[in-house]
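Down below is the structure, laid out as structure tokens.
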Amino acid sequence: MSNRMNNLLEDLKWRGLLAQTTDEKALAEALKKPITLYVGFDPTAPSIHVGNLVVLFVLRRFQLAGHNPLPLVGGATGLVGDPSGKNEERTLNTTDVVAQWVDRIKTQLSKFMDFESKTNPAVMVNNLDWTAPMSAIEFLRDIGKHFSVNQMLNKDSVSTRLEKDGISYTEFSYQVLQSMDYLELYRRYNCTLQIGGSDQWGNITAGLDLIRRVEAGSAHALTVPLLTKADGTKFGKTAGGSVWLDPEMTSPYAFFQYWLNSDDKDVINFLKVFSFKTRQEIEALEKTHSENPGAREAHRELARELTTLVHSADISARVEVAAKALFGQADLAELDEQTLASALAELPRTQVKNGDEIPTWVDLLAATGVVDSKSAARRIVKEGGAYLNNEKISGEDFRLEKSHFLCGKYAVLRKGKRDLAAVELI
RNA sequence: GGCGGGUUGCCCGAGCGGCCAAUGGGAGGGGACUGUAAAUCCCCCGGCUCUGCCUUCGAAGGUUCAAAUCCUUCACCCGCCA
């Protein structure tokens, strides 16, 4: 076990996951024995997204190395709003909504941690538990007194906002709340390490100061770099927005595709960050990839591992089969109904009643939602980007006929190269 | 509370009475080339019952033949003063 622990920081470095730490030597020393550490996730949406996975995976790596992870859901901080990395004030969500999101996010986080471990089980915590019962007077006297406004103003998250559109007292207070969390976890669990994205540095070190002042204790901070892509665009975003873990928000099919379509220049880096493969395994994939990038073995492995972890092995296999069939490696007409049905299961769809008049090509495209409006559908058809069962169709007024429905039931619509939808005859 | 500046399409940002669905950039989409990659080139990018019509320039009223552009009130943001 101590060997795993010794290697942890080295491994994180190799994966490009270390941005800043407080006193790395002292941290390395501390990590020789199991410690307790935490990462916070604020409920700012009904689901976490792939961007959140970076640091969540780091937390899991610590657990695998024998440390005690505390995934924290920000039931309290989510009500306030972190100014870090945001250049404008957010609108507050209602307490009901945030409470719902807390529950959903807890469920998601649970998938990535081992709560049953005999030696170092994860413990889920929610900062609302210790924040809600506190009175304003207590907060100001016991916590607020330890903060210097001068220092608070100097934090990046605050000063950039002061230069731009300003900041409310609510968001200004965020760092105090987060510091309080660290102090509380230090007291309850002897938690001595907080990790987070690099934009969290200011909030984390504020917590270290608080622990030192109140408990004369010493603790550590470790931040993970912001993940960047080779082409400079934001990681984890697609045309439709963020890539979420919730299958209702991002279908497993789309999730798998997101990874499969990674830029060649990014794929090895993504494997380092988002897989639990060993260094040897990743280096082997790197070799395979550079020898034959067109085969995209590394991409496939990445997509499989993540989809399996986030959804399931079964779903991962299903969407991969679906992708193969739908991308023309197989003749759609030759698929049996079972395969076709499962291939189409994860796609957006529309239904047509058997016997009713079948809508025009443009109407169908719009109805499935692969395009936003009929105007958009017309545009796509005009530009030659609309396909039926893998064949280009160019007439706006074209209508499907019974014979177009494979197995008498399904028609596969496609916009562009990879945006698919299904029409089901019922 | 006072004075000044601001609010334009997904984002940034021009326009400052008709030639404006509104310049430009970014993001996004389609095509060609490829490997469901990148780069490159071409095209598109409010909606619809689509050679025309409808709805948009913070909100509501008003002036005008005609308003994103002028006037009034309101809301929000920023700055300075109290």
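Side chains are part of it too, since the values below use all heavy atoms of this structure and drop only hydrogens, waters and symmetry mates. Lettering follows sequence order; numbering is per chain, from 1. Treat the numbers as computed from the prediction; the structure is a model and nothing was measured.
G385(A) comes within 4.0 angstrom of the backbone, heavy atoms only, and of no base. Counting any heavy atom pair closer than 4.0 Å across all strands shown, F256(A) reaches no nucleic acid atom. Residue R296(A) is classed as a base contact, given a heavy-atom separation below 4.0 Å to a base. Residue-level contact check: K382(A) touches neither bases nor backbone, having no heavy atom under 4.0 Å from any strand.
Distance CZ (R300(A)) to P (G35(B)): 13 Å, rounded to an integer number of Å. When rounded to the nearest whole Å, the span between CD1 of I380(A) and C1' of G28(B) equals 11 Å. Distance, E320(A) CD to U36(B) C1': 13 Å, rounded to whole Å. Rounded to whole Å, the distance from NZ on K324(A) to P on U36(B) is 13 Å. The CG atom of L365(A) sits 17 Å away from the P atom of G29(B) (whole-angstrom rounding). Residue N292(A) contributes atom CG, which lies 9 Å from atom C1' of G35(B) at whole-angstrom precision. Spacing between atom NE2 of H299(A) and atom C1' of U36(B) amounts to 10 Å, rounded to whole angstrom units. Per the geometry, CG belonging to D419(A) stands 10 Å off P belonging to G31(B), to the nearest Å.
Taking the C1' atoms as reference points, G25(B) lies 14 Å from C45(B), given to the whole Å. Between G1(B) and C65(B), the two C1' atoms lie 43 Å apart (nearest whole Å). One P atom belongs to A22(B), the other to A39(B), and the distance between them is 30 Å to the nearest Å. C71(B) sits 15 Å from U63(B) when the P atoms are compared, rounded to a whole Å. Taking atom C1' in both G79(B) and A14(B), one finds a spacing of 24 Å when rounded to whole Å. A21(B) sits 15 Å from C44(B) when the C1' atoms are compared, rounded to a whole Å. Going from the P atom of A68(B) to that of G9(B) covers 14 Å, rounded to whole Å. Nucleotides U56(B) and A67(B), compared at atom P, are 12 Å apart to the nearest Å.
For the 3.5 Å distance criterion, the side chains of Y38(A) and Q194(A) qualify, holding a donor opposite an acceptor.
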Watson-Crick or G-U pairs under 3.5 Å in RNA chain B, rendered as dot-bracket with [ ] for crossing pairs and | for another strand: ((((((((.[[[..)..(.....]]].(((((.......))))).(((...)))...[[[[[..)....]]]]]))))))).
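For D129(A), the side chain to side chain donor-acceptor pair (under 3.5 Å) criterion is met by no residue, not counting sequence neighbours. Residues satisfying the side chain to side chain donor-acceptor pair (under 3.5 Å) criterion with R104(A), sequence neighbours excluded, are D246(A). With sequence neighbours left out, D142(A) forms a salt bridge (Lys or Arg N to Asp or Glu O under 4.0 Å) with no residue at all. Every side chain to side chain contact (heavy atoms under 4.5 Å, CB included) that L222(A) has, sequence neighbours left out, goes to L9(A), L18(A), T21(A), L27(A), F62(A), L193(A), I195(A), V224(A). Contacts of E291(A) classified as salt bridge (Lys or Arg N to Asp or Glu O under 4.0 Å), with partners at least two apart in sequence or in another chain: K287(A). Qualifying side chain to side chain donor-acceptor pair (under 3.5 Å) partners for Q257(A), counting only residues two or more places apart in sequence or in other chains: none. Residues passing the side chain to side chain contact (heavy atoms under 4.5 Å, CB included) test with R212(A), sequence neighbours excluded: D209(A).
Contact annotation: R379(A) side-chain N/O to G47(B) OP1/OP2 distance is under 4.0 Å. A close approach under 4.0 Å does not occur between any side-chain nitrogen or oxygen of Y253(A) and OP1 or OP2 of U36(B). Considering only side-chain N and O atoms, S373(A) lies under 4.0 angstrom from the phosphate OP1 or OP2 of C48(B).
With hydrogens and angles left out, the side chain of K417(A) and the base of U34(B) share a donor-acceptor pair within 3.5 Å.
Counting only residues at least two apart or on different chains, no ring-ring contact (aromatic ring centres under 6.0 Å, His included) pair has a member in residues 125-146 of chain A. Within the structure, no pair that satisfies the salt bridge (charged side-chain N to carboxylate O under 4.0 Å, His left out) test touches residues 381-391 of chain A, not counting sequence neighbours.
With G35(B), U36(B), U49(B) as the choices, the nucleotide that has an atom nearest any side-chain atom of P293(A) turns out to be G35(B). Checked against U36(B), U49(B), G31(B), the side chain of A323(A) finds its nearest nucleotide in U36(B).
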N/O-N/O pairs, protein side and nucleotides 38-43 of chain B side, under 3.5 Å:
{"from": "A38(B)", "atom 1": "O2'", "to": "K265(A)", "atom 2": "NZ", "distance (Å)": "3.2"}

Between the protein and nucleotides 5-8 of chain B, which nitrogen or oxygen pairs are less than 3.5 angstrom apart?
none

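In terms of position along RNA chain B, the nucleotide closest to S262(A) lies nearer the 5' end than the nucleotide closest to the other residue of the pair K374(A) and S262(A).
Here the OG-CZ distance, from S179(A) to F147(A), works out to 3.5 Å after rounding to the nearest 0.5 Å.
Looking only at distances, no side-chain donor or acceptor of E320(A) sits under 3.5 Å from a matching main-chain atom of A317(A). Between the side chain of E283(A) and the backbone N or O of Q280(A), no donor-acceptor pair lies under 3.5 Å.
Tested against L302(A), the residues D266(A), T307(A), V273(A), V267(A) include a single side chain to side chain contact (heavy atoms under 4.5 Å, CB included) partner, V267(A).
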